J.: 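Okay, here's the structure, questions in a sec.
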Amino acid sequence: MKFILHVWRQAGPKAQGAFSVYEATGISGDMSFLEMMDVVNESLIEHGEQPVAFDHDCREGICGACGMMINGIAHGPMRATATCQLFMRHFEDGDTIYVEPWRARAFPVIKDLVVDRSAFDRVIAAGGYITAATGGARDANNILVAKTDADDAMDAAACIGCGACVAACPNGSASLFAGAKVTHLGVLPQGQAERRQRVLRMIAQMDEEGFGGCTWHGECHEACPKAISLDVISRMNADYLRALWAMRDEKQEQGAG
Amino acid sequence: MAGSQPAALGVGPTNRVRLFWRSTVGKKIVMSVTGLIMVGFVLLHMIGNLQIFEGAARINAYSHFLHHTINELLWLVRVVLLVSVVLHIVAAIQLTRIDRAARPVAYRRREPQAATVASRSMRWGGLALALFIVFHVLHLTTGTIQPVPFAPGDVYANVMGGFRIWWVTLIYVLAMIALGLHIFHGAWSSIRTLGVNRPKAEPLRRPVAALVAVILWAGFSVVPVAVFFGWVR
Ligand code: FES
């Protein structure tokens, strides 16, 4: 197969970027999108040019490192699929493909298709943790969890933090990501101790990083390689209201102690 | 910024309101609540309007009831609505700014996958509705804009006169399309923003919001259209 690629090239964070056109030839339909990019890069190297920089790691859809805007769709045209799991057989031979980095103020471009997603790390650091007792490990199943809660937590925990939700959102909002973290920890008994401060802190951090607000276009869910449900955003907002409501009480307790 | 704690969380209880208003989620919640208040109002307004089909006596008696019998309540509703409209618009403008700033570099190619006409027209549609509300109040509440001479208290005459003029009817009909779209997306997303919805397998399906939007669109549009075509006597 053969493809015409329009790839965003940008030498560094401050450099002026532009699209370069490359022809990808000798591509097998069983290659992943990243493998196709590898082929392009090898020919670039052979011609003494800089290869296209892009993030990748596991190449099996579980780490969240990869991510490109492919023909205007985050992670390309297949639903619930990360870029590394997108195969070239889903394109037509001879297709023109635009490849762009995630675009968001909170995700500045480092080089070509690589963006800095440490804003996500800071959102997690703000509240994506639980306290746990040290000492001998408890039996795994001695804390009872309702099946539905376990399912909800598991579905939300599938988030790999790739940033496609932000990239796809017309508002550059990180609500699906933050909602996934809030849900994943907040529905489990182990996450209750920090439940209130978690949602307040994660939302404050999300805003501070310069992500936009949610207007319920639903683009994030469509882009998500794990198809995380929009319900996590509702849950986050409900938790937020409850946490805000309870803030006064927490303050008074602190004052008395 | 790495490791920085959100400074806003150190504040005391009195600043809870400020913390709420500063966050994007808080502003969205304000928009949801004020939006739902307005949806409730327009539903009542629409039901009131439909009395025009029962004749001049009925609709004018209803107007008299509102303006004299329950005048204090009417003013209370007006104040609540005014506050809602102002908060809704201020939050919308601030959020739009934040959202635009969040994507400083646009994509060269962009293929929306789930966004609807309604969701994408919220901002311009909302602006159109705001302008329409000003026009509508000047036309049928205060009588400042007089396509035909305005008769205070005679709702029937004002409606019958105004909607015989093609451009007045056209403005109302177009505005009601904007209203239907705005509510189709807004009513549904308000419920989700408030987090009071139940988890669903297909969250984008919204039969109730669609029904409310269609009822409002049809219920409002039928009056100017019927008057224009002379179906109201
Ligand atoms: S490279 Fe790990 S998810 Fe794609």
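Chain A is the first sequence line, chain B the second, and so forth, proteins listed ahead of strands; every chain is numbered from 1. Quick caveat, the model's predicted, so the values are computed rather than measured.
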J.: Can you measure from CZ (Arg103(B)) to CG (Asn171(A)) and round to the nearest 0.5 angstrom?
T.: 8.0 Å

J.: Picking from Arg79(A), Met69(A), His6(A), Arg235(A), which has the most non-hydrogen pairs under 4.5 angstrom with chain B?
T.: Met69(A)

J.: Flag yes if more than 12 heavy atoms outside Arg205(B) fall under 6.0 Å of its CZ atom; otherwise flag no.
T.: no

J.: Pick one: which of Glu111(B), Arg109(B), Arg110(B) meets side chain to side chain donor-acceptor pair (under 3.5 Å) with Asn71(A)?
T.: Arg109(B)

J.: Against chain A, label Arg97(B) side chain, backbone, both or neither, depending on which of its atoms sit under 4.5 Å from a heavy atom there.
T.: neither

J.: Please classify the contact between Phe107(A) and chain B as side chain, backbone, both or neither, with a heavy-atom cut-off of under 4.5 Å.
T.: neither

J.: Might you point out which heavy atoms bring Thr215(A) and His185(B) nearest each other, and give the distance in Å?
T.: O-NE2, 2.7 Å

J.: Could you report the tightest heavy-atom contact between Gly195(B) and Ala238(A), atom names first, then the distance?
T.: O-CB, 3.7 Å

J.: Determine whether a donor-acceptor pair (N or O, by modelled atom type, separation under 3.5 Å) exists between the side chain of Asp99(B) and the backbone of Gly213(A).
T.: yes

J.: Just wondering, do Lys28(B) and Cys214(A) contact through their side chains at under 4.5 Å, heavy atoms?
T.: no

J.: Is the closest side-chain heavy-atom distance between Pro199(B) and Ser229(A) below 4.5 Å?
T.: no

J.: Can you confirm whether Trp217(B) is buried at CH2, in the sense that more than 12 heavy atoms of other residues, nucleotides or ligands lie under 6.0 Å from that atom?
T.: no

J.: Using the ring of each side chain (for Trp, its six-membered ring), is Phe20(B) parallel, tilted or perpendicular to Tyr240(A), with breaks at 30° and 60°?
T.: parallel

J.: Can you confirm whether Asn237(A) sits close enough to Leu194(B) that some side-chain heavy atom of one is under 4.5 Å from a side-chain heavy atom of the other?
T.: no

J.: What do the steps show when you test Tyr98(A) against Tyr107(B) for side-chain contact (heavy atoms from CB on, under 4.5 Å), and what is the final call?
T.: CA-CA 10 Å; Tyr98(A) 280 82; Tyr107(B) 289 108; over 6 Å; no

J.: Between Arg192(B) and Asp231(A), is the closest basic N to carboxylate O distance under 4.0 Å?
T.: yes

J.: Just so I understand: if I count every heavy-atom pair under 4.5 Å between each of Ser189(B), Ala201(B), Gly186(B) and chain A, which residue has the most?
T.: Ser189(B)

J.: Set out, in order, the CA-CA distance, both residues' side-chain angles and the distance that settles side chain to side chain donor-acceptor pair (under 3.5 Å) for Trp216(A) and Thr193(B), then state yes or no.
T.: CA-CA 9 Å; Trp216(A) 298 102; Thr193(B) 294; 2.8 Å; yes

J.: Can you tell me which of Met236(A), Arg105(A), His221(A), Arg103(A) forms the most heavy-atom pairs within a distance under 4.5 Å of chain B?
T.: Arg103(A)

J.: Where is the tightest heavy-atom contact between Pro104(B) and Ala104(A), given as atom of each residue plus distance?
T.: CD-C, 4.1 Å

J.: For the candidates Arg198(B), Glu202(B), Lys200(B), which exhibits the highest count of non-hydrogen atom pairs separated by less than 4.5 Å from chain A?
T.: Lys200(B)

J.: Of the backbone (N, CA, C, O) and the side chain (C-beta and beyond), which part of Glu100(A) lies under 4.5 Å from a heavy atom of chain B, both, or neither?
T.: side chain

J.: A side-chain contact here means heavy atoms from C-beta on lying under 4.5 Å apart; do Leu230(A) and Leu204(B) qualify?
T.: yes

